[in-house]
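Every heavy atom of this structure was used, including side-chain atoms; hydrogens, water molecules and symmetry mates were not. Chain naming here is simple, since letters A, B, ... match the order of the sequence lines and numbering starts at 1 in each.
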Number of protein chains: 2
Amino acid sequence: MEQDDITLLRLSEPDANESAAGRRFRELHDEIRSRISLLDYPPGMRLSEEALAEEFGVSRTPLRRVLWQLQAEGLLQSVQGVGTIVTDIDIGALYQVYQMRMELSPLLARLSPRTISPQDMKRFKVLHKKCLELTDNPSARGYSVVNIATFHALADLTTNEPLRETMERLFYQTARIWLKSLTDQDVMRECKSLCQEVRDYRDAACLGDIDALAHLWRAHTSASMTRLQQKAAAQ
Amino acid sequence: MEQDDITLLRLSEPDANESAAGRRFRELHDEIRSRISLLDYPPGMRLSEEALAEEFGVSRTPLRRVLWQLQAEGLLQSVQGVGTIVTDIDIGALYQVYQMRMELSPLLARLSPRTISPQDMKRFKVLHKKCLELTDNPSARGYSVVNIATFHALADLTTNEPLRETMERLFYQTARIWLKSLTDQDVMRECKSLCQEVRDYRDAACLGDIDALAHLWRAHTSASMTRLQQKAAAQ
DNA sequence: TTCAAACTTGTTGTGTACATCATGCCCATC
DNA sequence: GATGGGCATGATGTACACAACAAGTTTGAA
């Protein structure tokens with residue numbers, strides 16, 4: 001599955017007239033963002049600029065640009081003398097982001113939607129296949145990989161760049177929260193839930209019904225938020 | 001009016017536990033963003049990192065962080081060997097941003113709105129007074145100052161940070177477009193239009209009706225877009 | 001024994017020299 | 001006179017040394 005992880009997660013296609021520096025920046029950004037989202041770098045962890053720079057074979061300067069970008073996106077927080085810390089998110093901010101996401105998802109079908117192509121249908125079919133594999137062998141990390149890939153499959157259905165960028169920004173602010181403090185039982189339940197969700201998307205996509213896709217997305221986002229709130233209240 | 005410019009435009013309040021570096025970054029960012037929005041740095045202009053660093057009394061390193069941020073916000077574009085260029089915006093991207101902004105403005109009243117305080121009412125009253133002064137002595141720059149301040153007065157009515165940040169980001173992507181290629185007649189007409197717009201906001205604010213404010217905002221944003229399209233079609 | 005001050009260590013922030021690249025000018029050549 | 005190549009110039013990109021700062025550790029005296 002590791003090879004598929006890459007094809008599922010590496011989604012920002014290189015621009016034709018992108019400079020070498022620009023490409024490296026984007027690759028580093030996506031890589032570190034993945035690690036944060038998959039809890040390789042859990043909230044509260046301190047990252048070392050020097051260690052990361054050495055690992056990626058660059059000096060601190062270009063790496064710091066990446067960390068600043070992730071700080072602007074709300075995933076990192078740098079403090080002089082202390083370090084660069086992976087941010088946590090409190091329940092209040094989480095709720096605000098989810099509220100916003102629920103308002104944005106219907107826009108997928110309203111603002112410059114693409115017509116659903118056979119490639120799109122295949123993409124959702126592959127995602128559903130991954131989901132089935134996942135329910136046979138559930139894992140928090142595997143769940144997150146499919147969850148992120150599903151988001152990108154949906155977000156890529158609009159050609160409205162401001163909408164797509166905003167949805168991506170907000171999604172990654174909350175994506176890692178799911179993996180925190182999930183029991184094995186929770187993981188199993190969430191994997192099944194994701195499987196049903198992706199099946200719904202696949203069916204709507206095969207019908208070419210982007211309006212249905214958008215409303216399904218909103219419904220599932222809302223349900224996720226509710227489950228998260230119930231879990232938070234139970235603790 | 002110059003003194004009022006400052007009170008109108010400098011709106012990001014300093015955080016209590018903000019580091020010296022963080023405050024300097026925010027101040028530089030707001031200052032350069034203002035210059036871009038007010039066409040002190042018009043689209044296509046090449047900025048010199050070294051010259052800017054010298055002007056602000058810092059080295060290139062902290063200044064480059066500001067320029068990268070503005071690049072991420074779509075206001076600048078750096079190319080090695082050429083320079084840092086103030087971006088222009090094509091009609092297609094402009095339309096996409098406006099579509100998005102029209103969908104976001106109604107959310108002002110739906111996502112965590114504040115109750116309108118006497119300070120808010122006073123803020124809109126002051127804005128309207130500035131508008132009246134502006135119609136007596138119209139200028140493109142004065143129009144833009146009031147326009148930007150009006151945006152912030154509206155955006156500050158929600159406590160939903162993701163919403164506020166997104167609206168701000170999108171607003172500044174299009175704010176400077178108005179000033180480009182406006183005849184004196186256009187400026188006069190737009191100043192009058194802004195005056196009516198702000199009067200509507202003031203009246204709604206004094207009634208404490210944030211729902212009306214949000215819908216007025218959407219309506220005026222839509223009208224602005226329509227006027228802009230008509231002007232583009234006429235050229 | 002306790003507590004506080006100094007020190008050590010490791011981090012991010014800043015300044016600066018150099019590398020890399022694009023552009024326009026100048027001059028030799030056709 | 002036109003044109004193409006080399007070169008000077010100035011821009012951003014990168015690397016590195018050092019400053020500023022916070023936290024833990026040690027050491028000394030009360």
Side-chain angles (χ1 to χ4, degrees), chain A residues 14-33 35-36 41-88, chain B residues 14-33 35-36 41-88:
Chain A
D15 204 350
N17 50 359
E18 190 179 29
S19 67
R23 179 167 52 254
R24 183 162 72 175
F25 168 78
R26 187 176 45 77
E27 287 172 351
L28 287 180
H29 172 271
D30 289 358
E31 172 62 28
I32 298 178
R33 189 177 63 173
R35 294 184 183 183
I36 294 172
Y41 300 153
M45 179 174 179
R46 292 197 323 198
L47 305 180
S48 165
E49 295 182 349
E50 199 160 6
L52 279 175
E54 189 180 11
E55 175 187 348
F56 292 116
V58 299
S59 80
R60 277 181 63 206
T61 307
L63 181 83
R64 277 165 68 78
R65 180 178 176 181
V66 174
L67 298 185
W68 283 333
Q69 177 64 31
L70 291 167
Q71 181 169 352
E73 294 170 8
L75 303 184
L76 293 178
Q77 173 70 36
S78 290
V79 183
Q80 182 174 3
V82 178
T84 300
I85 297 126
V86 180
T87 57
D88 206 344
Chain B
D15 204 351
N17 50 0
E18 190 180 30
S19 68
R23 178 166 53 254
R24 183 163 72 175
F25 167 79
R26 186 176 45 76
E27 287 171 351
L28 287 180
H29 172 270
D30 289 359
E31 172 61 28
I32 297 178
R33 189 178 62 174
R35 295 184 182 183
I36 295 173
Y41 299 153
M45 180 175 179
R46 293 198 320 201
L47 305 180
S48 165
E49 295 182 348
E50 200 161 2
L52 279 175
E54 189 180 11
E55 176 188 346
F56 292 116
V58 298
S59 80
R60 278 181 62 206
T61 308
L63 181 84
R64 277 166 67 77
R65 180 178 177 180
V66 174
L67 298 186
W68 284 332
Q69 178 64 30
L70 291 168
Q71 182 169 351
E73 294 170 8
L75 302 185
L76 293 178
Q77 175 70 36
S78 291
V79 182
Q80 181 173 4
V82 178
T84 301
I85 297 127
V86 180
T87 57
D88 206 344

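Of the listed nucleotides (D:dG13, D:dA23, C:dT23), C:dT23 has the atom at the smallest distance from the side chain of B:Val82. The nucleotide whose nearest atom lies closest to any side-chain atom of A:Arg64 is, among D:dT14, C:dT14, D:dA22, C:dT14.
Whole-Å rounding puts the B:Leu52 CG to D:dA11 C1' distance at 13 Å. Atoms CG (A:Leu76) and P (C:dT12) sit 11 Å apart, rounded to a whole Å. Rounded to an integer number of Å, the gap from A:Leu63 CG to D:dT14 P is 11 Å. When the P atom of C:dA17 is taken as reference, atom CD of B:Glu50 falls 11 Å away, rounded to whole Å.
Residue contacts for A:Arg46: at a heavy-atom cut-off of 4.0 Å it reaches no nucleic acid atom on any strand shown. Using a 4.0 Å heavy-atom cutoff across all strands shown, B:Ser19 reaches no nucleic acid atom at all. As judged by a 4.0 angstrom heavy-atom cut-off over every strand, A:Leu47 is placed among residues touching the sugar-phosphate backbone only.
A:Leu47 CG to A:Ile36 CD1: the interatomic distance, rounded to the nearest 0.5 Å, is 6.5 Å.
No donor-acceptor distance shorter than 3.5 angstrom exists from the side chain of A:Thr87 to the backbone of A:Gln77, with no hydrogens or angles considered.
In this model, no side-chain donor or acceptor of B:Ser48 finds a partner on the base of D:dA11 within 3.5 Å. Between the base of C:dT11 and the side chain of A:Gln80 there is no donor-acceptor pair shorter than 3.5 Å.
Each of B:Val79 and B:Thr61 was assigned the nucleotide of DNA chain D with the nearest heavy atom; the assignment lying further toward the 5' end belongs to B:Val79. Residue B:Thr84 is the one, among B:Thr84 and A:Ser59, whose nearest nucleotide of DNA chain D lies closer to the 5' end (criterion: closest heavy atom).
Taking only side-chain nitrogens and oxygens, A:Arg60 never comes nearer than 4.0 Å to OP1 or OP2 of C:dT12. The side chain of A:Arg24 contributes an N or O atom lying less than 4.0 Å from OP1 or OP2 of D:dT14.
Using a 4.5 Å heavy-atom cutoff, the side chains of B:Glu31 and B:Glu27 are not in contact.
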